[in-house]
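In this text, all values refer to a predicted model and were calculated from it rather than measured experimentally.
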Amino acid sequence: MTSPDICVVVPTIREYECMRAYFENARTHGFDLDRLHVVLVTEDFCDTDAMAEMLAEEGVSGEVFDGSRREEWYDERGIAEYDHVVPAASHAETSFGLLYLWANDFEYGFFIDDDTLPHDDADFFGQHMRNLDYEGEIEEVSSDEQWVNVLYQNYDEHGLYPRGYPYSAMDETVDTDTTEISDVVASQGLWTNVPDLDAVRILMDGDLQGQAQTRTTADDYAGDFVAARGNYLTVCSMNLAFRREIVPAFYQLPMDENRWDVGRFDDIWSGVFLKRACDLLGKRIYNGGPLCEHNKAPRSTFDDLNNEVPGLELNEHLWEVIDDAGADADSYAAVFEAMATELAEGDFEAYNNGAFFNYVGEYMLDWLAALDELRTLRTAPAPADD
């Protein structure tokens, strides 16, 4: 029996049954399910027994962590003082999955959102793993705004920019070239059906149900690509695979549970930090397939807008704040610490809710401290028998 080397993190309160489709996709395409260990991150009000039963029925290794179980996990490992780095009732609870991965022997991680499904014709897990191992030629994209729209390939038809793409970087001039890559550390799969847009763009698309009228299909994606060095891109965590090594620089930021009510940028900002680290360390983020079908449930666009507005101005400037940080760093943790310090100690009074940057920087430093504690626990010698 294969020992699991992949930790699959799924934040869910409703649609955990979607994972059956991912397991069936693996069986269809001959991917070894014994490689997977699934961590369902949920809440105390959810039916954790039913979630565990689903994993058992599918014959897949895994655990279910509601809020109470997460607190127990922190206590068992002596890191309860850092439990605040993972906000409650927030999509950013995916950070718990990163802590879990770091505390154990997994070499790879996957993030899968519970409102997605795999495409039957794509080997979901296998293609992500091949992307992480990819060496060779690929399209490289850049722009005069230092930002790459991951939906650039059919932009003339749909006119879409993804959630988190700065408004100041729109109307960019896109340049493409071919480059040789290796050292891929993250594989971002894109999405069909409901595009991942922010609330302002959804409203502009004429939709009040949080979904957008304009939809994407496989035809909107012409091929896989990377963003050039010095260019940022949005990283959405709904369909993502990554190597263990990036965890120190991939903290999913503390959203929703803060006094500024900033939300919805947890994965976006983590992607900004990760791209900066990758550029400095000579690593790559692979984008494109495998696609997933995004079936976002209807909800008020204005609810999402209320969550996004407190951080919209900050999102325009975050990448500028950290764009020079960590130039001499030689590890993910060192780059992340440099960016964290830049945020924690900076003066951002000129921005709406600018103090949230200081808050984020402090939490980033706590994130690194929590990882250090977990690393110490993993490497500490076992106590001698009396």
Side-chain angles (χ1 to χ4, degrees), residues 7-13 16 37-48 51-52 62-106 109-111 113-114 237 242 244 246-270 273-274 307 310-311 332-333 336-337 339-341 343-344 355-380:
C7 183
V8 181
V9 181
V10 185
T12 182
I13 58 172
Y16 59 90
H37 182 81
V38 178
V39 174
L40 301 178
V41 186
T42 189
E43 305 299 337
D44 285 345
F45 59 80
C46 294
D47 191 343
T48 56
M51 294 180 183
E63 293 185 70
V64 183
F65 286 92
D66 58 17
S68 298
R69 181 69 187 90
R70 290 194 293 277
E71 292 301 321
E72 292 173 7
W73 190 89
Y74 297 134
D75 288 339
E76 290 164 0
R77 282 150 189 82
I79 63 164
E81 65 182 297
Y82 298 110
D83 64 357
H84 60 281
V85 300
V86 181
S90 168
H91 186 269
E93 285 175 348
T94 45
S95 278
F96 175 79
L98 296 179
L99 292 176
Y100 184 95
L101 182 156
W102 194 251
N104 292 284
D105 293 326
F106 304 106
F110 273 70
F111 283 161
D113 275 6
D114 71 354
S237 66
F242 52 91
R244 175 191 185 86
I246 75 169
V247 168
F250 201 47
Y251 174 41
Q252 306 296 291
L253 279 301
M255 298 288 158
D256 304 305
E257 194 182 61
N258 57 77
R259 64 180 179 273
W260 301 271
D261 296 323
V262 177
R264 298 271 291 162
F265 293 104
D266 51 313
D267 51 352
I268 300 300
W269 290 7
S270 74
F273 299 141
L274 178 61
N307 288 331
Y332 291 99
F336 201 67
E337 182 177 10
M339 293 185 288
T341 301
L343 290 164
F356 184 66
F357 273 168
N358 305 124
Y359 173 89
V360 165
E362 291 163 2
Y363 271 57
M364 291 165 67
L365 293 171
D366 285 348
W367 172 254
L368 292 174
L371 295 182
D372 282 342
E373 289 286 338
L374 290 173
R375 183 188 295 110
T376 300
L377 285 172
R378 289 185 78 244
T379 58

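- Checked by atom type and distance alone, the side chain of E373 never pairs as donor or acceptor with a backbone atom of A369 at under 3.5 Å.
- In this structure, the side chain of D114 does not engage the main chain of T12 through any donor-acceptor pair within 3.5 Å.
- Atom CD of Q252 and atom CD of E93 lie 12.0 Å apart (nearest 0.5 Å).
- Here the OG1-CG distance, from T94 to D113, works out to 8.5 Å after rounding to the nearest 0.5 Å.
- Residues Y74 and L99 are in side-chain contact: their nearest non-hydrogen atoms beyond the backbone lie under 4.5 Å apart.
- If you take CD on E76 and CD on E71, they are separated by 11.5 Å, rounding to the nearest 0.5 Å.
- Taking the six-membered ring for Trp and the full ring otherwise, the centers of W102 and F250 sit at least 6.0 Å from each other.
- M51 has its side chain out of reach of E63: every pair of non-hydrogen atoms, C-beta onward, lies at least 4.5 Å apart.
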message = Please evaluate residues V9 and L98 with respect to the criterion side-chain contact (heavy atoms from CB on, under 4.5 Å), reporting the C-alpha separation (whole Å), side-chain torsions for both, the decisive distance (0.1 Å), and the verdict.
response = CA-CA 8 Å; V9 181; L98 296 179; 5.9 Å; no
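- For the pair D44 (side chain) and S68 (backbone), a donor-acceptor distance under 3.5 Å is present.
- Annotation: side chain of F45 is in contact with side chain of I13 (closest heavy-atom distance under 4.5 Å).
- P11 is listed as a side-chain neighbour of H91, based on a closest heavy-atom distance under 4.5 Å.
- Minimum heavy-atom separation, W367 to S95: CH2-O, 3.6 Å.
- The closest side-chain heavy-atom distance from D66 to C46 is not below 4.5 Å.
- Between the side chain of N258 and the backbone N or O of W260, at least one donor-acceptor pair lies under 3.5 Å.
- Residues Y16 and V10 are not in side-chain contact: their nearest non-hydrogen atoms beyond the backbone lie 4.5 Å or more apart.
- Taking CZ of F65 as the reference point, atom CG of L40 lies at 10.0 Å (rounded to 0.5 Å).
- Atom CG in L368 sits 10.5 Å away from atom OH in Y82 (nearest 0.5 Å).
- The shortest heavy-atom contact between R70 and V41 is NH1-CG1, 3.5 Å.
- Looking only at side-chain heavy atoms (C-beta outward), L365 and T341 come within less than 4.5 Å of each other.
- When side chains are defined from C-beta on, M255 does not count as touching N307, because their heavy atoms never get closer than 4.5 Å.
- Here the closest heavy-atom approach between residue G109 and residue L101 is recorded as CA-CD1, 3.6 Å.
- Separation of the F273 and Y251 ring centroids does not fall under the 6.0 Å cut-off.
- Shortest non-hydrogen contact noted between V64 and R69 is O-CG, 3.8 Å.
- Partner of H84 under the ring-ring contact (aromatic ring centres under 6.0 Å, His included) criterion, chosen from F96, Y363, Y359: Y363.
- For the residue pair S270 and L253, the shortest heavy atom distance occurs at N-CD2, 3.6 Å.
- Contact between L374 and A103 at its shortest, heavy atoms only, is CD2-CB, 4.1 Å.
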